[in-house]
Amino acid sequence: MEKNATLYNLTQQLQGQIFVSAFRTHLDDEQRQAILERPAIMGIRRGYAESPAWMMVQVMEFDPEPLTVALFRRRAVYSAPKLSLGLLELLASEGLLDRDGDSYFMTEAGKAYAEKSARFGVMAFEGYTPVDSEKINALETLMRRVIDASLQVDETHGTWCLAHSRNRAPSEDAPALAKIVQYGADFNAFRDDAHMAACTQHDVDGHIWEAFSQIRDGVATSANDLYANLAYRGFYTHDWQVALDNLAERGWLEKRDATYHVTEAGQAVSDDIEAQTDAYFFAPWDVLSEQEFEQIVSLMEMVRDACQERLQAQAQ
């Protein structure tokens, strides 16, 4: 397997399949119900970065330091400031956060929620072995080596997101699968570090780059399209039009009639950023020998597929 987006996607598929299969096929009804019992607001906009649940994850990653809108948007670069503030205020209105100036920190209720989440994040994988324990332990060791190497990259690339993600790492005596699931989150964080490092040289804001990506991928051609596709980010039609104007001024987009299209210059920038993102993200993987690289890919695929098979067997 090449070191590109396909490999990164495998790390995310692995994380998701382990979690879902353990939750659905390993835990009993009582255990599943205990995990599902949480404040109702945690179900709002589930699966989005612009959600109370993801915002609470970021609070947990910063604890005991407080979280601000500016710090949240350093990770969630596509999210609008006002919506980010609204999510923090919503969590505060539920008594999970308190505020001092522009800084938000966990209350006792917030800490109890965080501790429960961490406890269940370990309990869900205790005794769960979709493949032999020896193979799971080997995979955990290889993934940990890559994560440790990623934390050592130079300041030019940065590890800001990864370092905060590691604050949620389970203890050393936690099940290997619990650690592997966290490594999936860590890889996601480091991918954000790599992408931001690649974008920095072009001095482009997150939502402007997302507007460009939508036009490039052919899923939008106008500000109205962008708002229809990305309203959940918290930006409005006017904001998206300003972004398109910015991109046109850069020469990355051109307007024909009432629609926008990527120019050759824009495509070249896109290709460069994607290549740089892959280069930054995969450089630490060189800590593995060629044989170890083949092994980690094989083990990730094996565990992912075994988890999928368990889910499929249960559905029959």
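Small disclaimer: the values here were computed from a predicted structure and weren't measured.
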Residues at least two apart in sequence or cross-chain that pass salt bridge (charged side-chain N to carboxylate O under 4.0 Å, His left out) with Lys255, listed by chain then number, are none

Quiz: residues 110-126 side-chain donor-acceptor pairs under 3.5 angstrom, not counting sequence neighbours:
{"residue": "Lys116", "atom": "NZ", "partner": "Ala34", "partner atom": "O", "Å": "3.4"}
{"residue": "Lys116", "atom": "NZ", "partner": "Glu37", "partner atom": "O", "Å": "2.5"}
{"residue": "Ser117", "atom": "OG", "partner": "Tyr113", "partner atom": "O", "Å": "3.0"}

request  = To the nearest 0.5 Å, tell me how far Met143 CE sits from Leu299 CG.
outcome  =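 Going from the CE atom of Met143 to the CG atom of Leu299 covers 10.0 Å.
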
Measure centre to centre between the rings of [X] and [Y], then say whether the value is under 6.0 Å.
X	Y	value
Trp240	Phe235	yes
Phe187	Tyr8	no
Trp160	Phe62	yes

Are Trp54 and Tyr232 connected, step by step, through hydrophobic side chains (Ile, Leu, Val, Met, Phe, Trp, Tyr) whose heavy atoms are closer than 4.5 Å?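 In one cluster: no.
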
Taking side-chain contact (heavy atoms from CB on, under 4.5 Å) as the definition, give me every residue that meets it alongside [X], ordered by chain and number, with sequence neighbours left out.
X	result
Glu65	none
Gln241	Ala223, Leu244, Asp245, Tyr260
Arg46	Arg38
Asp102	Thr68

Taking NZ, NE, NH1 and NH2 as the nitrogens, is one of them in Arg75 or Asp193 under 4.0 Å from a carboxylate oxygen of the other? no

* Asked: Relative to each other, are the rings of Trp285 and Phe293 parallel, tilted or perpendicular (30° and 60° limits)?
  -> perpendicular

Would the distance check show the side chain of Gln182 and the main-chain N or O of Ser165 forming a donor-acceptor pair, the cut-off being under 3.5 Å? yes

